[in-house]
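Below is one structure, written out as structure tokens, with a few remarks after it.
What you see is a predicted model; the values in this text were computed from it and never measured. The figures that follow rest on heavy atoms only: side chains count, while hydrogens, waters and symmetry mates do not. Order of appearance sets the numbers: ligands from 1, and atoms from 1 within every ligand.
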Amino acid sequence: MDRKNILVINPGSTSTKVAVFNNKEKVILNSIDHKPDDLEKFNSIVDQYEYRLNLILNWLKEEGIETSSLRAVVGRGGLLRPMPGGTYLVTEKMIEDLRKGVQGEHASNLGGILAKGIADKEGIKAYIVDPVAVDEFDEVARISGMPEIKRKSLLHALNIKAVSHRLADELNKELKELNLIVAHLGGGISVAPVKKGRIVDVNNANEMGPFSPERTGSLPVGDLAKMCFSGKYTYKEIKTKIKGKGGLVGYLGTNDAREVTKMIENGDKKAKLIFEAMGYQIAKEIAAMATVLNGDVNHIILTGGLSYSKLLTEYIKDMVEFIAQITIYPGGDEQEALNNGVLRVLEGKEEAKIYENEVKIDD
Ligand SMILES: Nc1ncnc2c1ncn2[C@@H]1O[C@H](COP(=O)(O)OP(=O)(O)O)[C@@H](O)[C@H]1O
Ligand SMILES: CCCC(=O)OP(=O)(O)O
């Protein structure tokens, strides 16, 4: 069979997005949503491998797409060691680090593993592009306030870079001429100042910043420490309360903003307060990042799944439009960005990076 297709796999905390491209053309796309109950039964992210793999393979089968038609497979890259952006070949060392979760656990750790699993069976190559561990921080942004703890760059780097380029193109400008604040509003939330194309700071989307559909974001640390030592919870339970059962899930029992919107439409006052509180925290984070850019902000971008919600984006807009003009790219461009990253390599415009050569391995 003619190998013409690229399979894109984007595992997120609330969904697995899959797409097939033929060169630049998107042949088909699907977002398989995961309710908290679907994932709760797994002990770790890596344990979800067979579950997500079967969902992908069954979907390909239903759509009549043979894996023998694939030319390459690309997955969203995970919490690897801090690394420069770009397209990376999935190597054994990368797989080892994704399995270990060297910077923690997140669904995107499965991206490279799933891509390699499918690619190896077909004897083709697997890649990741601009993983969530891309680190372009200014040194000052690494200081937490406690010498034992460093602030980390963990974020939706793939989409933040893609939509920044998209806006620059639409404005007919070079990205290096612009200062942007990009808020990716997904299962996790990243708010990043993009200074002349570089992501110089960000809340750690896994455990800092605004609360999100399934995460607490930053918490009052004294109360958290007390809770940890109360004897009521194991370490694992606390971790799940922070990531998985925090945010909208913690308050309202769902990670789905569409369900929350229905609750609000049906007069649920608690749902309204919590949804507005999420908007309030996102707006505050955007304003904080405006200071990182010394107030010199050309544009604010709202993107990610939550930015389909007019209720949420209007709330945020109202609070931050004094800073700069706002553009909304609902959902975002992650699938296209993954495909484009691989195409650049397959077309010889860029060389795939090798993980081991780009990161510091000191263990
Ligand atoms: N049309 C929509 N309207 C409102 N919220 C939406 C819509 N589509 C998706 N969402 C919400 O966006 C969030 C997921 O965003 P997404 O970027 O897909 O995250 P992830 O990649 O982590 O799965 C969920 O809370 C989901 O309910
Ligand atoms: C670790 C940051 C990436 C993130 O939060 O992605 P999801 O929104 O897909 O969970």
Query raised in the report: How close does the nearest protein non-hydrogen atom get to atom 5 (O) of ligand 2, and which residue and atom is it?
Result: Arg215 NH1, 2.6 Å
Report summary line: atom 1 (C) of ligand 2: closest protein heavy atom, distance to 0.1 Å, is Asn206 OD1, 3.8 Å
Query raised in the report: Out of Gly305, Ser212, Ala257, whose heavy atom is nearest to atom 12 (O) of ligand 1?
Result: Gly305
Requested in this report: Would you give the length of the straight line joining atom CD1 of Ile316 to atom CD1 of Ile300, rounded to the nearest 0.5 angstrom?
Outcome: 10.0 Å
Query - Numbering as shown, the atoms of ligand 2 that approach Gly188 to under 4.0 Å (heavy-atom distance) - result: 5 (O), 7 (P), 8 (O), 10 (O)
Query raised in the report: For the side chain of Asp333 and the backbone of Val163, is there at least one donor-acceptor N/O pair under 3.5 Å apart?
Result: no
Query raised in the report: Is Glu358 reaching over with its side chain to a backbone N or O of Met83, donor-acceptor style, under 3.5 angstrom?
Result: no
Query raised in the report: Of the protein's non-hydrogen atoms, which lies at the shortest distance from atom 4 (C) of ligand 1, and what is that distance?
Result: Arg258 CG, 3.7 Å
**Report entry** Contact check: His156 vs ligand 2, nitrogen or oxygen atoms, below 3.5 angstrom
**Finding:** yes
**Report entry** Asp135 side chain to Phe137 backbone, donor-acceptor under 3.5 Å
**Finding:** yes
Report summary line: For Gly187, the atoms of ligand 1 under 4.0 Å from one of its heavy atoms are 14 (C), 15 (O), 19 (O), 20 (P), 22 (O)
Query raised in the report: Mind checking whether Glu334 has an N or O less than 3.5 Å away from an N or O of ligand 1?
Result: no
Query raised in the report: What's the shortest distance from atom 2 (C) of ligand 1 to any protein heavy atom, and which residue and atom give it?
Result: Tyr308 CB, 3.3 Å
Query raised in the report: Judged by modelled atom types alone, do Asn23 and Lys4 share a side-chain donor-acceptor pair under 3.5 Å?
Result: no
Requested in this report: Among all protein heavy atoms, pick out the one at the shortest distance from atom 23 (O) of ligand 1; state its residue, atom name and that distance to 0.1 Å.
Outcome: Thr14 OG1, 2.6 Å
Requested in this report: Could you tell me which atoms of ligand 2, counted from 1 in the order shown, lie closer than 4.0 angstrom to a heavy atom of Gly187?
Outcome: 8 (O)
Query raised in the report: Can a non-hydrogen atom of Lys17 be found less than 4.0 Å from any atom of ligand 1?
Result: yes
Report summary line: Ranked by distance from atom 24 (C) of ligand 1, the top protein heavy atom is Asn255 O, 3.5 Å
Query raised in the report: Can you find an N/O atom of His184 closer than 3.5 Å to an N/O atom of ligand 2?
Result: no
Report task. Evaluate the criterion salt bridge (Lys or Arg N to Asp or Glu O under 4.0 Å) for residue pair Arg99 and Glu96; output intermediate values, then yes/no. Result -> CA-CA 5 Å; Arg99 283 187 179 286; Glu96 188 189 314; over 6 Å; no
**Report entry** salt bridge (Lys or Arg N to Asp or Glu O under 4.0 Å) between Lys262 and Asp256, worked out
**Finding:** CA-CA 10 Å; Lys262 277 192 207 130; Asp256 192 336; over 6 Å; no
Query - Residue Val132 vicinity, atoms of ligand 2 by number, heavy atom under 4.0 Å - result: 3 (C)
Query raised in the report: Side chains of Thr16 and His34: do they bring a donor and an acceptor to under 3.5 Å?
Result: yes
Requested in this report: Indicate yes or no: at least one non-hydrogen side-chain atom of Lys236 is less than 4.5 angstrom from one of Asn43.
Outcome: yes
Query raised in the report: Is a side-chain donor or acceptor of Asp33 paired with a backbone partner of Ser15 at a separation under 3.5 angstrom?
Result: no
Report summary line: ligand 1 to Gly186, heavy atom cutoff 4.0 Å, flagged ligand atoms 15 (O), 16 (P), 17 (O), 19 (O)
Query raised in the report: Do Lys243 and Glu105 touch side chain to side chain, with heavy atoms closer than 4.5 Å?
Result: yes
Query raised in the report: Can you list the atoms of ligand 2 that are under 4.0 Å from a heavy atom of Ala205?
Result: 2 (C)
Report task. Check the angle between the aromatic planes of His184 and His156 and answer parallel, tilted or perpendicular using the 30° and 60° thresholds. Result -> parallel
Query raised in the report: If we only count N/O pairs under 3.5 Å, is Gly304 in contact with ligand 1?
Result: no
Query - Atoms in ligand 1 with a heavy atom of Leu306 nearer than 4.0 Å - result: 12 (O), 25 (O)
Query - Asp256 N/O under 3.5 Å from ligand 1 N/O - result: yes
**Report entry** Proximal atoms of ligand 1 relative to Pro213 (non-hydrogen, under 4.0 Å)
**Finding:** 25 (O)
Query raised in the report: Which of the atoms of ligand 1 are close to Ser13, meaning less than 4.0 Å from one of its heavy atoms?
Result: 22 (O)
Query raised in the report: For ligand 2, which part of Arg76 has a heavy atom less than 4.0 Å away: the side chain, the backbone, both, or neither?
Result: side chain
Report task. Please determine if Lys232 and Glu237 form a salt bridge, counting it only when a charged side-chain N lies under 4.0 Å from a carboxylate O. Result -> no
Query raised in the report: Is Glu321 salt-bridged to Lys317, cutoff N-O under 4.0 Å?
Result: no
